[in-house]
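Taking it in order: structure first as structure tokens, then the write-up.
Every chain is numbered from 1 and lettered A, B, ... according to where its sequence line falls, protein lines coming before strand lines. Since this is a predicted model, take the numbers as computed values, not measurements.
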2 protein chains.
Amino acid sequence: MTDAVRKSVQEKLAQGDFSCTKEFTLAMFSGKWKIVILCNLYYHGPFRFNELMRLLPRVSHKVLASQLRELQEDQLIDRTTVPGAQPEVYYAISPVGRSLMPVIDAMHEWGDQRLRALRVQPQFNINQAAENHR
Amino acid sequence: MTDAVRKSVQEKLAQGDFSCTKEFTLAMFSGKWKIVILCNLYYHGPFRFNELMRLLPRVSHKVLASQLRELQEDQLIDRTTVPGAQPEVYYAISPVGRSLMPVIDAMHEWGDQRLRALRVQPQFNINQAAENHR
DNA sequence: CTGTATCCCCGAAGATACTG
DNA sequence: CAGTATCTTCGGGGATACAG
């Protein structure tokens with residue numbers, strides 16, 4: 001959703017061009033909330049829509065819905081409806097989504113080490129870097 | 001650059017919030033061309049600006065420049081100027097960028113297997129999936 | 001509760017022209 | 001050759017209102 005990558009990958013695939021494996025993977029969790037959603041579902045079990053809303057305090061209604069829809073389309077999560085007077089909808093990580101976790105773990109580890117390194121290097125000021133990016 | 005993630009990560013860091021390691025890593029190669037640039041620099045050695053332009057046939061002048069600038073700011077690549085009558089500028093992957101390659105390799109492998117699986121599953125039509133995304 | 005429909009904003013991506 | 005400056009376009013993200 002966030003993502004120019006996502007779109008261009010889809011176009012490539014539609015044209016039968018499968019030479020974009022890295023970008024394809026990248027497109028899986030591009031989107032401002034997808035990684036957080038994925039990790040929450042993985043580590044803390046299935047959640048209902050509003051439970052996720054509470055877990056992600058800053059996400060808007062519509063955006064959460066669209067992120068979940070895309071994650072479903074990519075088959076990374078499963079959506080289950082428990083019937084009843086007021087049906088309950090549960091989102092859970094799927095086997096495919098689960099298989100993506102090692103990649104996310106690798107990202108976590110790299111980011112962890114990198115941030116650590118940046119904080120002890122006085123010559124690289126993180127706030128300055130943020131400034132530069134404007 | 002592409003990225004809502006990049007921006008929100010920078011804001012978090014500026015506020016002293018370092019609890020976004022995965023997103024931080026994600027922000028490294030979010031941007032439509034960054035992974036391709038990184039891999040090219042890694043596997044096929046330093047390149048000059050115009051050489052990169054030729055390698056990425058669809059990228060525009062300005063966008064390539066901005067992607068390279070951000071990669072520099074993130075210290076993933078090094079920019080070297082060889083002085084002379086007409087100075088030559090070379091872009092090469094940095095040690096930090098090099099350390100990111102295992103993560104990218106993991107993404108490559110996952111994407112490869114996933115795409116393979118999708119192509120043999122007739123029940124999941126990739127073009128259809130692309131349609132759904134509209 | 002779990003969404004969809006609408007409208008707005010902003011920044012990334014692109015095209016083009018200009019510069020040292 | 002290696003960029004910067006400017007303008008336009010397009011789509012993601014957000015807020016809000018409405019619906020089943």
In whole Å, what is the span from the [atom1] atom of [X] to the [atom2] atom of [N]?
| X | N | atom1 | atom2 | result |
| --- | --- | --- | --- | --- |
| B/Gln67 | C/dG11 | CD | C1' | 13 Å |
| B/Glu70 | D/dT4 | CD | P | 13 Å |
| A/Gln10 | D/dC10 | CD | C1' | 15 Å |
| B/Met53 | D/dT4 | CE | C1' | 14 Å |
| A/Leu64 | D/dG14 | CG | C1' | 13 Å |
| B/Arg54 | D/dA2 | CZ | P | 9 Å |
| B/Lys7 | C/dC9 | NZ | P | 15 Å |
| B/Gln86 | C/dG20 | CD | C1' | 13 Å |

*Donor-acceptor pair, A/Thr25 side chain versus B/Met107 backbone, under 3.5 Å?*
yes
*asked:* Strictly distance-based, threshold 3.5 Å: is any side-chain N or O of A/Asp17 a donor or acceptor partner for the main-chain N or O of A/Ser19?
replied: yes
_Heavy atoms of other groups near B/Glu109 CD, more than 12 under 6.0 Å_ = no
For [N], take OP1 and OP2 only and decide whether either is under 4.0 Å from a side-chain N or O of [X].
| X | N | value |
| --- | --- | --- |
| A/Arg69 | C/dT4 | yes |
| A/Arg6 | D/dG12 | no |
| A/Arg79 | C/dG3 | yes |
| B/Arg48 | D/dC1 | no |
| A/Tyr90 | C/dC1 | no |

_Hydrophobic clustering (ILVMFWY, side-chain heavy atoms < 4.5 Å, transitive) - are A/Leu64 and A/Tyr90 grouped together?_
no
*A/Arg114 to B/Phe24 six-membered ring, cation-pi geometry met (6.0 Å, 45°)*: no
Hey, what are the protein-to-nucleotides 14-16 of chain C N/O distances that come in under 3.5 Å?
from	atom 1	to	atom 2	distance (Å)
C/dG14	OP1	B/Lys32	NZ	2.7
C/dG14	OP2	B/Trp33	NE1	3.4
C/dG14	N7	B/Lys62	NZ	3.2
C/dG14	O6	B/Lys62	NZ	2.4

_From the set D/dG3, D/dA2, C/dG11, return the single nucleotide nearest to any side-chain atom of B/Asn50._
D/dA2
*A/Ala65 side chain: which of C/dT4, D/dG3, C/dT2 is closest?*
C/dT4
*Tell me, with the steps shown, if B/Glu70 and B/Lys34 meet salt bridge (Lys or Arg N to Asp or Glu O under 4.0 Å).*
CA-CA 9 Å; B/Glu70 289 187 4; B/Lys34 287 189 182 175; 2.7 Å; yes
Using atom types as modelled, flag every donor-acceptor pair under 3.5 Å from a side chain in residues 35-51 of chain B to any protein atom, sequence neighbours excluded.
from	atom 1	to	atom 2	distance (Å)
B/Asn40	ND2	B/Val36	O	3.1
B/Tyr43	OH	B/Asp105	OD1	3.4
B/Glu51	OE1	B/Arg48	N	2.7

